[in-house]
2 protein chains.
Amino acid sequence: MGSFEAATKRQVSPYNDEHLTLDFTRQAVALDAERIVLTRKEYDLLALLVQHAGEIIPRHALLMQVWGYGADIRTRTLDVHVRRLRKKLGGYADQYIETIFGIGYRFQPFHAPRFYQAQSVNPVIALSA
Amino acid sequence: MGSFEAATKRQVSPYNDEHLTLDFTRQAVALDAERIVLTRKEYDLLALLVQHAGEIIPRHALLMQVWGYGADIRTRTLDVHVRRLRKKLGGYADQYIETIFGIGYRFQPFHAPRFYQAQSVNPVIALSA
DNA sequence: GGGCTTTTTACAAAGTTTTTACAAGTTGGC
DNA sequence: GCCAACTTGTAAAAACTTTGTAAAAAGCCC
């Protein structure tokens, strides 16, 4: 049931997928073995998203964790940072950082498109009809 | 997690039948193992119906619960949402979301057709007339 | 001050919800 | 059975909300 207490329990073992690497102890990020330079806020934002890979993180949670903003602050700085982060993530950006409309964002580990999976994963159907 | 489960206290254990899955904690819906994307209102509406599977829910109750509308508001937004929901539920739509004329709607868990019924296509109608 | 990062501003674009207007379906009285 | 009144279905437009983007302004730190 993790809340986003990133500050206390930061993951230490590095994140790593086909294209992206995050070394949390060194705060270093690499894309396709090429190191990319992030500013502090960009890194914090990415780290938080990556540490909750697969989970939707609501805007207010991001603003809370990364900026310390309380609930009712109106700002577009999160969007701007997401945009710059995406820019630096190059062509994979939209695969990595997903916008969940009306809620927030979600980081998804890189996953090459699968061609075969379209079939039915649902053997039960065979029994009907 | 936990930051944004639907406004009212809701069932937490997932719904699941032959074709449809609802994960109430993640607000995620899948049809035949394929994830389907619903807008918030669509999800709220479906969730409410599913949580009362088998029960008729009157229009005014749906408008109350999902929209917060009071008794005397005239709107067709419920119908429009039902329509879009049905569209996203594909071929099973009419089996799942039933219209109760003059009252409201009812969600029915999927029930595969049985073999012996298939013979005479429409026994019930045969009895009338 | 100069270079960098962060935030704001102001608008554009995209997404969602509601309304509108009418078609189609249902029901009950005749 | 047929009609009138009413309910629901549907498509498209309008209204509204959220997110994306570029550029300027404001902070920082040496």
Side-chain angles (χ1 to χ4, degrees), chain A residues 27 29 36-49 56-91 93-107, chain B residues 4 6-7 27 29 36-49 56-90 93-107 124-125 128-129:
Chain A
Q27 306 201 351
V29 182
I36 62 177
V37 184
L38 301 182
T39 68
R40 178 112 214 72
K41 281 264 153 55
E42 285 165 1
Y43 172 82
D44 287 352
L45 178 56
L46 179 60
L48 184 53
L49 287 166
I56 298 170
I57 310 189
R59 294 179 67 92
H60 68 78
L62 294 166
L63 286 167
M64 179 72 235
Q65 294 299 317
V66 177
W67 280 268
Y69 286 178
D72 39 87
I73 292 184
R74 188 192 70 86
T75 176
R76 318 230 18 68
T77 196
L78 168 58
D79 308 72
V80 173
H81 275 85
V82 167
R83 179 177 159 273
R84 285 199 290 248
L85 205 43
R86 280 176 168 156
K87 215 166 205 170
K88 292 187 179 177
L89 289 178
D94 292 327
Q95 234 175 125
Y96 277 127
I97 300 181
E98 209 180 330
T99 301
I100 310 299
F101 193 96
I103 304 181
Y105 294 93
R106 170 170 55 187
F107 176 89
Chain B
F4 49 87
Q27 302 192 188
V29 182
I36 62 177
V37 184
L38 301 182
T39 67
R40 204 199 312 291
K41 280 265 153 56
E42 286 164 2
Y43 171 82
D44 287 351
L45 178 56
L46 179 61
L48 185 54
L49 287 166
I56 298 171
I57 310 189
R59 295 178 66 92
H60 69 78
L62 293 167
L63 286 167
M64 179 71 235
Q65 295 296 316
V66 177
W67 279 268
Y69 286 178
D72 40 273
I73 292 184
R74 186 191 69 85
T75 177
R76 318 232 13 71
T77 196
L78 168 58
D79 308 73
V80 173
H81 275 84
V82 167
R83 180 178 158 271
R84 284 199 289 247
L85 244 187
R86 282 176 167 155
K87 213 166 206 170
K88 291 188 179 176
L89 289 178
D94 293 327
Q95 234 175 124
Y96 277 128
I97 300 180
E98 209 180 330
T99 301
I100 311 299
F101 192 94
I103 304 181
Y105 295 93
R106 170 169 54 187
F107 176 89
V124 186
I125 293 179
S128 65

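Values reported hereafter were calculated over all heavy atoms of this structure, with side chains retained and with hydrogens, waters and symmetry mates removed. Bear in mind that the values here come from a model prediction, so they are computed numbers and not experimental data. Proteins come first, then strands; the chains are lettered A, B, ... in the order of their sequence lines, and each starts at number 1.
Rounded to whole Å, the distance from NZ on Lys41(A) to C1' on dT7(C) is 10 Å. Atoms CD (Glu42(A)) and P (dT7(C)) sit 11 Å apart, rounded to a whole Å. Going from atom CZ of Arg86(A) over to atom P of dT21(D) covers 7 Å, rounded to whole Å. Regarding Lys88(B), its NZ atom lies at a distance of 16 Å from the P atom of dT10(D), rounded to whole Å. Spacing between atom CG of Leu85(A) and atom C1' of dT21(D) amounts to 16 Å, rounded to whole angstrom units. Rounded to a whole Å, the NZ atom of Lys87(A) is 15 Å from the P atom of dT6(C). Distance CG (Asp44(A)) to P (dT5(C)): 14 Å, rounded to an integer number of Å. Atoms CG (Leu63(B)) and P (dT7(D)) sit 14 Å apart, rounded to a whole Å.
With a 4.5 Å cut-off on side-chain heavy atoms, Lys41(A) and Trp67(A) count as touching. Glu42(A) has its side chain out of reach of Val29(A): every pair of non-hydrogen atoms, C-beta onward, lies at least 4.5 Å apart. In this structure, Leu38(A) and Arg84(A) have side chains that are not in contact, with every pair of non-hydrogen atoms separated by 4.5 Å or more. You'll find the side chain of Ile73(B) stays beyond 4.5 Å of the side chain of Leu63(B), heavy atoms only.
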Restricting to nitrogen or oxygen on both sides, can you table the protein-nucleotides 13-18 of chain D pairs closer than 3.5 Å?
residue, atom, partner, partner atom, Å
dT18(D), O3', Gly102(A), N, 3.4

Look for any protein N or O under 3.5 Å of an N or O in nucleotides 28-30 of chain C and output each such pair with its distance, or none.
none

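Distance check, rounded to the nearest 0.5 Å: CG of Leu89(B) to CG of Asp94(B) gives 9.5 Å. With rounding to the nearest 0.5 angstrom, the CD atom of Gln95(A) is 12.5 Å from the CZ atom of Arg86(A). From Ile97(B), atom CD1 reaches atom CZ of Arg83(B) across 12.5 Å, with rounding to the nearest 0.5 Å. Put simply, NE2 on His81(B) and OG1 on Thr75(B) are 9.5 Å apart, with the number rounded to the nearest 0.5 Å. Here the straight-line distance linking atom CG of Leu78(B) with atom NE2 of His60(B) works out to 12.0 Å at 0.5 Å rounding. Atom CD of Gln27(B) is separated from atom CD1 of Ile103(A) by 5.5 Å, given to the nearest 0.5 angstrom.
Closest to the side chain of Trp67(B), out of dT7(C), dT18(C), dG20(D), is dT18(C).
Between Thr99(B) and dG9(D) there is a side-chain polar atom (N or O) within less than 4.0 angstrom of OP1 or OP2. OP1 or OP2 of dT17(C) has at least one side-chain nitrogen or oxygen of Thr39(B) nearer than 4.0 Å. Distances shorter than 4.0 Å separate some side-chain N or O of Tyr105(B) from OP1 or OP2 on dG9(D).
With Tyr105(B) as the partner, the side chain to side chain contact (heavy atoms under 4.5 Å, CB included) test is satisfied by one option alone out of Ile100(B), Leu49(B), Ile57(B), Leu85(B): Leu49(B).
Applying a 4.0 Å cut-off to non-hydrogen atoms, the residues of residues 73-83 of chain B that approach DNA chain D are Arg76(B), Asp79(B), Val80(B), Arg83(B), listed by residue number.
Salt-bridge check for Asp44(A) with Arg40(A): passed, with a basic side-chain N closer than 4.0 Å to an acidic carboxylate O.
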